[in-house]
A.B. asks: 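So that we are looking at the same thing, I have put the structure below in structure tokens.
Each residue takes its place number in the sequence, starting with 1.
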Amino acid sequence: MITFPKPDVEQFLRTFSIADFAVSPDEKHLVFSTNLSGKYNLWGMDLPNSFPYPLTSIDQSCQGLIYDKKSRFIIAGFDQDGNENTQFYGVPLNGGTMKEIVNHENTRNFMPKLSNDSKKLYYTTSRGNPSFLNSYCLDLESGQERLVLEGKDAATYLFGFSPDEETLLYYKHFANTYTLLYAKKGNEDILLTPPTEKQHTVNDGVFVSDSMIYLLTDYDSDFTYLASYNLETNKFCKVKELENESFTAITYSKENQLLYITSQKGVEDQLYEINLQNENWRNIPVPCSVINKLEVAASGTLYLFGMSATKPHNIYKNTGDEWVSLTKYTVPGVDSNELVEPDIITYPSFDGREIESLFFRAKKENDNGEVIFWPHGGPQAAERKFFRASFQFFLNNGYSIFAPNFRGSTGYGLEFMKMVEGDWGNGPRLDNVAGLDWLIDQGHAQKGNILLMGGSFGGYMALLLHGRHADYFKAVVDIFGPSNLFSFINSVPEDWKPVMDQWVGNPEKDKEKLIEFSPITYLESMIKPMLVIQGANDPRVVKEESDQIVQALKDKGRDVDYMLLENEGHGFSKKENEIAVYKKILSFLKRFTAVTEKV
């Protein structure tokens with residue numbers, strides 16, 4: 001009998017991911033962006049076969065992926081090594097040489113949409129209007145394009161159009177908690193939610209006829225619900241809401257007159273179907289905890305891309321009441337029993353507000369007694385029951401992980417989400433401190449013996465907690481976190497800048513507050529060993545954010561290690577970089593890990 005050693009811990013990091021997918025209108029072909037080769041490329045499947053083959057070899061991640069309406073070609077957007085300057089290309093169905101469709105140096109392009117005859121491409125771009133954006137219609141045959149929407153007052157995105165293409169649907173992004181949806185018919189711009197001084201959001205919207213639009217909004221509500229707007233009568237109507245759930249995405253099946261609604265409730269998603277003929281509403285069980293994308297074919301077949309805490313990204317097809325997995329991504333060489341599901345816990349914060357958290361507890365046979373405290377990125381995002389290879393990697397190495405959804409997190413209503421705006425360094429910080437105290441009070445950790453790690457806003461919070469509450473921790477990892485809110489506000493992409501006053505603060509009016517909330521203010525008390533990770537091409541949290549705090553701490557003689565990735569942006573698009581980063585972090589953490597006696 002052959003016995004095999006325990007899986008190498010690196011195998012957890014060799015889990016592949018999927019970033020996006022699309023299904024051809026005739027359902028004979030599926031394309032998805034995946035790092036199956038170690039770097040992101042497009043791969044295809046000839047349905048019903050599910051064996052993938054490569055379509056591109058450019059080693060870049062994809063942003064924006066659609067088929068033409070007659071299943072003849074693919075439109076895909078690619079940036080360069082994470083710089084987020086996405087350009088659009090035509091891709092042959094079976095791969096090969098791509099054709100430039102939209103390529104303007106140093107521009108950001110968004111949300112490609114093909115006309116019904118696939119002869120025109122609509123898209124939104126930073127070209128000529130970097131702060132508020134413009135939208136164009138490009139004739140794919142002549143190469144001529146025309147301006148169809150000029151952004152003013154806020155970043156303005158073309159969202160879709162009516163079946164007759166006479167009415168455009170677009171939204172203005174004033175803030176993450178203040179987005180308005182409009183219909184543009186000729187020279188008339190129609191606001192699709194009733195006028196109000198109270199900020200609210202519209203998440204998504206679809207035409208079901210030339211005059212009827214269904215949309216997801218939290219107008220006059222704390223949670224997002226389904227509403228309709230009739231362009232003939234100019235009537236807004238609430239259609240369906242569910243208690244303590246926010247609807248996040250809507251898809252329309254014209255052939256079957258069905259709407260599909262994805263809903264977020266805390267750390268998990270739900271999927272609903274509503275029949276527009278009889279208004280019947282039903283919940284559809286799904287094979288994952290978090291739904292990333294849903295497509296509905298003309299046949300009525302559902303295609304879903306999602307994941308769970310212990311299931312990596314996969315694409316599923318629904319045939320009747322059964323979901324079939326078209327991709328088979330698992331943690332290679334690791335039995336599912338080796339993976340850890342999180343506990344969902346709540347704890348009271350400094351003001352009595354309940355904070356929901358995920359607590360991943362290392363299995364007893366692996367547990368080294370250490371806890372990683374993980375404030376999530378965003379900040380207007382959430383830690384949910386999605387798959388993080390890095391989490392399972394650390395868990396298998398014996399580290400438990402505590403991930404709180406502090407104020408500002410999504411999934412808990414608009415009021416809760418707004419609580420971080422203009423208050424990056426107070427309420428959310430104290431929510432995290434309350435989580436640390438809960439861990440200590442419950443006997444899961446000892447003060448001064450906790451490991452702190454976060455990315456993006458989580459990296460910012462790791463820096464701030466280190467600077468203001470260093471006595472809780474013994475080591476800190478910052479992954480591309482802002483260190484100085486003044487330089488951060490000044491260096492974000494141009495189309496982000498109009499929202500910064502509300503989101504973070506105004507450098508002049510809020511000067512004292514921004515000084516108080518900037519981690520770099522607290523250099524004197526940042527005394528614990530640190531590891532800082534940064535992508536050189538990051539357009540959101542630029543390299544200088546990490547450079548300045550690393551240099552300042554080194555000037556004070558502090559123990560700081562700096563890992564700069566020359567070909568990455570705000571994340572890890574290349575598998576070898578991801579593996580190198582987390583092996584580096586593990587090596588760093590092991591310096592401070594005291595393995596406890598197993599009982």
Side-chain angles (χ1 to χ4, degrees), residues 6-7 9-13 15 17 266-269 288-290 306-313 330-331 334-347 355-378 381-406 409 411 431-432 434-446 449-456 458-459 461-462 465 472-477 479 578 581-582 585-586 588-590 592-593 595-596 598:
K6 186 177 178 179
V9 292
E10 189 175 308
Q11 288 179 231
F12 292 87
L13 298 178
T15 306
S17 298
V267 297
E268 295 184 296
D269 284 340
C288 51
S289 298
V290 175
M307 55 181 166
S308 302
T310 56
K311 281 186 184 179
H313 302 85
T330 61
V331 182
V334 177
D335 189 274
S336 60
N337 292 325
E338 296 275 348
L339 305 177
V340 174
E341 283 280 349
D343 295 328
I344 303 172
I345 67 101
T346 58
Y347 64 85
I355 303 298
E356 187 170 64
S357 303
L358 293 180
F359 192 11
F360 295 80
R361 304 173 196 248
K363 291 183 177 293
K364 187 175 180 180
E365 61 271 23
N366 298 326
D367 191 1
N368 62 13
E370 303 286 349
V371 176
I372 296 171
F373 190 86
W374 172 269
H376 66 72
E383 196 61 43
R384 313 188 67 225
K385 291 178 89 173
F386 44 50
F387 185 82
R388 286 190 188 272
S390 58
F391 274 25
Q392 298 297 334
F393 170 71
F394 289 121
L395 287 158
N396 194 257
N397 273 274
Y399 298 86
S400 296
I401 302 169
F402 187 82
N405 281 333
F406 44 83
S409 301
D431 286 344
N432 281 291
L436 291 163
D437 288 335
W438 182 88
L439 283 169
I440 295 163
D441 293 343
Q442 297 295 315
H444 301 300
Q446 294 179 331
N449 199 41
I450 297 171
L451 299 163
L452 175 60
M453 178 167 59
S456 194
M461 185 54 66
L465 288 169
Y472 282 89
F473 311 108
K474 60 181 176 180
V476 180
V477 180
I479 307 171
E578 182 185 7
V581 164
Y582 286 109
I585 293 174
L586 180 63
F588 174 76
L589 296 183
K590 281 185 173 179
F592 315 100
T593 301
V595 179
T596 56
K598 300 291 192 304

A.B. asks: Are the side chain of S289 and the backbone of E268 linked by a donor-acceptor contact shorter than 3.5 Å?
C.D. replies: no

A.B. asks: State whether the side chain of Y399 and the backbone N or O of F393 hold a donor-acceptor pair below 3.5 Å, judged by distance alone.
C.D. replies: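 Between the backbone of F393 and the side chain of Y399 there is no qualifying donor-acceptor contact (under 3.5 Å).
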
A.B. asks: First locate atom OG1 of T310, then atom CZ of F360, and finally report the distance between them rounded to the nearest 0.5 Å.
C.D. replies: 9.5 Å

A.B. asks: About how many Å separate CG of N449 and CD1 of I440, when rounded to the nearest 0.5 Å?
C.D. replies: 9.5 Å

A.B. asks: List the atom of E383, the atom of W374, and the distance in Å for their closest heavy-atom pair.
C.D. replies: OE1-NE1, 3.0 Å

A.B. asks: What closest approach, in Å, do I355 and P404 show between heavy atoms, and which atom pair accounts for it?
C.D. replies: CG2-CB, 4.4 Å

A.B. asks: Does V334 have any side-chain contact (heavy atoms from CB on, under 4.5 Å) partners at least two apart in sequence or in another chain, and if so, which?
C.D. replies: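 In terms of side-chain contact (heavy atoms from CB on, under 4.5 Å), with neighbours along the sequence ignored, V334 is linked to P7, Q11, F12, V331, E338, L339.
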
A.B. asks: Quick one: OG1 on T593 to CG on N397, what's the gap to the nearest 0.5 Å?
C.D. replies: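 Here the interatomic distance stands at 9.0 Å.
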
A.B. asks: Hey, can you tell me if F373 and F402 have their rings parallel, tilted or perpendicular (30° and 60° cut-offs)?
C.D. replies: parallel

A.B. asks: Hey, could you give me the CG/CD1 distance between L395 and I401, rounded to the nearest 0.5 Å?
C.D. replies: 4.0 Å

A.B. asks: Using ring centroids (six-membered ring only for Trp), state whether H376 and F406 fall under 6.0 Å.
C.D. replies: yes

A.B. asks: Testing the basics here: between I585 and I479, what is the closest heavy-atom pair and its distance to 0.1 Å?
C.D. replies: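 Heavy-atom minimum between the residues: CD1-CD1, 4.1 Å.
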
A.B. asks: Is there a side-chain contact (heavy atoms from CB on, under 4.5 Å) between F394 and L589 once you walk through the steps?
C.D. replies: CA-CA 10 Å; F394 289 121; L589 296 183; 4.0 Å; yes

A.B. asks: Can you see which heavy atom on E341 is nearest to which on A309, and at what distance?
C.D. replies: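 Looking at all heavy atoms of both residues, the closest pair is OE1-CB, 3.9 Å.
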
A.B. asks: Got a second to check how far E370's CD is from I450's CD1, nearest 0.5 Å?
C.D. replies: 10.0 Å

A.B. asks: Donor-acceptor pair, distance only, cut-off 3.5 Å: does the side chain of S400 make one with the backbone of A362?
C.D. replies: yes

A.B. asks: Centres of the F391 and F387 rings: under 6.0 Å?
C.D. replies: no

A.B. asks: Can you confirm if the aromatic rings of H444 and F359 lie within a centre distance of less than 6.0 Å?
C.D. replies: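 For F359 and H444, the ring centres are under 6.0 Å apart.
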
A.B. asks: Taking atom CG of L358 and atom CD1 of I344, what is their separation to the nearest 0.5 Å?
C.D. replies: 6.0 Å

A.B. asks: Of the non-hydrogen atoms in G306 and C288, which two are nearest, and what is the gap between them?
C.D. replies: CA-SG, 3.8 Å

